Student: 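To start, I am sharing the structure in question, which I have written as structure tokens.
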There are 2 protein chains.
Amino acid sequence: MKNKIIRIKDIAERAGTSKGTVDRVLHNRGRVAEDVRERILAIIKELNYEPNRIAQSLKSQRTYHIAVLIPDAAVDSYWEAPLAGIERAEKELRQYGIRISRHVFTPHVVQSFLAKANEATKENPDGVLIAPVFYKEVMPFFENWKAQGTPYVLFNTQIESVDPLCYIGQDSYRSGSLAAKILSYGLPDPCSLLVLHINEDIPNSAHLITKEQGFRDYFLQNEKVSQYQVISRDIDAFDINIDAHLEEILTTDPVVKGIYVTNSKAFEVAAYLEKHGIEGIKLVGYDLLQPNLDYLENGRIHFLINQNPLGQGYWGIHQLANYLVFNQEIPPIKFLPLDIITKENLDYYLDPS
Amino acid sequence: MKNKIIRIKDIAERAGTSKGTVDRVLHNRGRVAEDVRERILAIIKELNYEPNRIAQSLKSQRTYHIAVLIPDAAVDSYWEAPLAGIERAEKELRQYGIRISRHVFTPHVVQSFLAKANEATKENPDGVLIAPVFYKEVMPFFENWKAQGTPYVLFNTQIESVDPLCYIGQDSYRSGSLAAKILSYGLPDPCSLLVLHINEDIPNSAHLITKEQGFRDYFLQNEKVSQYQVISRDIDAFDINIDAHLEEILTTDPVVKGIYVTNSKAFEVAAYLEKHGIEGIKLVGYDLLQPNLDYLENGRIHFLINQNPLGQGYWGIHQLANYLVFNQEIPPIKFLPLDIITKENLDYYLDPS
DNA sequence: TTGTATGCGTTATCAT
DNA sequence: ATGATAACGCATACAA
């Protein structure tokens, strides 16, 4: 077992010098004779030295403060999962000095977001993890943080042309293509497919458009499946009478056999179909919310695409920690898997560990 | 930020005693006055002390030796992925004192397995990770390790009634049900479905039978889909003339519209279908091997179920480390997700990180 | 320019 | 029965 771990001391001995000198070389702090420096560097490379992260983090007593900006899970339960992921990461990273403060704002209420974002900024955190659901309003904060050198990680919603440390979430375009694949696979005969945006916040829904694009392009790129006609509709999620809209859409185009709901509101459609006893429509949506799961169980919803919201929170914190604590390079985008969920494999995704 | 981390020193101060005494209480090594002991225990509980794992593992210089028994990836490339997972875990855990020795045997050659298993046993490892592809032959080794108190973790192949520290892999039964769901979803009209065991090792293929059971039961439990007739066939993977067998099967029962290959050999079927220009058959199989991926890309294979073989190796080592290094409780079964893979979401599963 | 001493939290040994 | 102290590997202040 020659697998001995190389320590700074080993390098020092080999170089005929002391730990201090080696350390200065390792951290480029100068005050080292050039020939000694080169000798030490050669040995480091030869022995394939890797610093002992355990000892490093034991030594550095510094704590890092991460501010999290996230919508209230009590209002929209979707956000429970990212919060759980954040909590899990927090537990794992506490001993590495990671401290987290949560700033929970009310979804769809700009004032609430602004207040919380200001609050977070005032804390002068070492890093920010944010679900940037308010596209316009968040921009000045990005600039502010950038000017201060505070790294920020986006999750859930991708915003182009800002310059985050990292985006964590799904590839919306691919996501749409995947939905197209699933629906068309289950519908061998010519028919219409409906893309349904049940929207909460029209101006901040660029990613829904991207999904639709991916959906439509799937059929352009697969000439064999051009037997489908794709139509799309917007419904305001706060509209009292969703049913009426659905009825209008489904009766005016009676050959709709597949529906793709671009966010987590597939259960609304499922409820409508069930209430009216409409059979023979394939339904694909997003996210493992309880109402969606109920309809997945009874077969009204055929597939759900999982955005791994827990993973988004978990990896968001971890990426910040990797950057702050371990000085690692962070890739600017971390796309999480597009998991295809059915009744049969659901269990494995409910409590990922 | 009252989130201070509690140290042994803090407890000692609070109890008006020294670190040594607290340590003796924490580790139940006696030589502590009973009243002091209780006072300290109360404080530990009150302050919610949690040991600093970083300091612990820095201190403990002990190394743990894990022996891995795995088939040769040069013979069957399926095993590349578990090996990659093992390697990744090894890198992460080296600093915690985990050392791994690999014992690679030739698949389907019992002698090779026996030799390597003996070799591994002789090393007196602190733990064993094994892919128990030889059902009968491995049994005496389990008994041996059990008698010695050496924990062993099984992956890939589940064996009932042995007593491993943990099994890591898929739930074969569920896996079969999932395949049934996917095939029937894509085949709305009545037809026959073929379960194909392209087998390398008939006596050691209990899990393939379990898959078939899950597949068949799916249709029993979903009365709506009783329009399908399920047939099953075995083919010897070493048979020179697989094509002839397939031709015979597919011509004698011409209404087969879906094929479920219960292991990673779906590409064999895809090749046959392509060569003979047979269209209109849905094909589902396992594992992201390159030949499978090629046919997934060109549409001959419709879906692959991923057993996350990399994760199996990765988690296998991690579970052993959790047990050996961190004294954690290990759940006896860790089922990995049954990932549904298409061309559209393939990328995310190729290099999981 | 270089080497030495100290401390991070935990653990184990050794005096007291 | 208890407390002081050294060591793990690394970082750094300070002495030489």
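What you are looking at is a predicted structure, and each value in this text was computed from that prediction instead of being measured. Order of the sequence lines fixes the chain letters, A, B, ..., with proteins taken first and strands second; residue numbering starts at 1 for each chain.
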Student: Using the heavy-atom set of chain A and a strict 4.0 Å cut-off, write down the first and last nucleotide of DNA chain C that makes it in, 5' to 3'.
Tutor: C:dT1 to C:dG9
Student: Are A:Lys334 and A:Trp315 side-chain neighbours, meaning at least one heavy-atom pair lies under 4.5 Å?
Tutor: yes
Student: Can the ring centres of B:Tyr152 and B:Phe142 be said to be less than 6.0 Å apart?
Tutor: yes
Student: Please report, rounded to the nearest Å, how far the C1' atom of D:dA1 is from the CZ atom of B:Arg39.
Tutor: 13 Å
Student: Using the salt bridge (charged side-chain N to carboxylate O under 4.0 Å, His left out) criterion, which residues pair with A:Asp163? Sequence neighbours excluded.
Tutor: A:Lys146
Student: Given atom CD1 of A:Ile11 and atom P of D:dG9, what is their separation to the nearest angstrom?
Tutor: 13 Å
Student: Going through the checks in order, is the salt bridge (charged side-chain N to carboxylate O under 4.0 Å, His left out) test met by A:Glu13 and A:Lys19?
Tutor: CA-CA 8 Å; A:Glu13 277 171 12; A:Lys19 299 198 299 175; over 6 Å; no
Student: Could you run through nucleotides 11-16 of chain D and give me one letter per nucleotide, 5' to 3': B if any protein heavy atom sits under 4.0 Å from the base, S if only the sugar-phosphate is that close, - if neither?
Tutor: BB-B--
Student: Under 3.5 Å, which donor-acceptor pairs do the side chains of residues 122-130 of chain A form with other protein atoms, sequence neighbours left out?
Tutor:
unit_1   : atom_1 : unit_2   : atom_2 : d
A:Glu123 : OE1    : A:His65  : NE2    : 3.2
A:Glu123 : OE1    : A:Ser101 : OG     : 2.8
A:Glu123 : OE1    : A:His103 : NE2    : 3.0
A:Asp126 : OD1    : A:Arg62  : NH2    : 2.9
A:Asp126 : OD2    : A:His65  : N      : 2.7

Student: Would you list the pairs meeting side chain to side chain donor-acceptor pair (under 3.5 Å) in which at least one residue belongs to residues 22-33 of chain B, sequence neighbours left out?
Tutor: B:Asp23-B:His27, B:Asp23-B:Arg29
Student: Has the side chain of B:Ser77 got a donor or acceptor atom that lies under 3.5 Å from a matching backbone atom of B:Ala73?
Tutor: no
Student: Kindly state each residue pair satisfying side chain to side chain donor-acceptor pair (under 3.5 Å) with at least one member in residues 41-52 of chain A, sequence neighbours excluded.
Tutor: A:Arg14-A:Glu46
Student: Please work out if B:Ser57 contacts a base, only the sugar-phosphate, or nothing of the nucleic acid, heavy-atom cut-off 4.0 Å.
Tutor: nothing
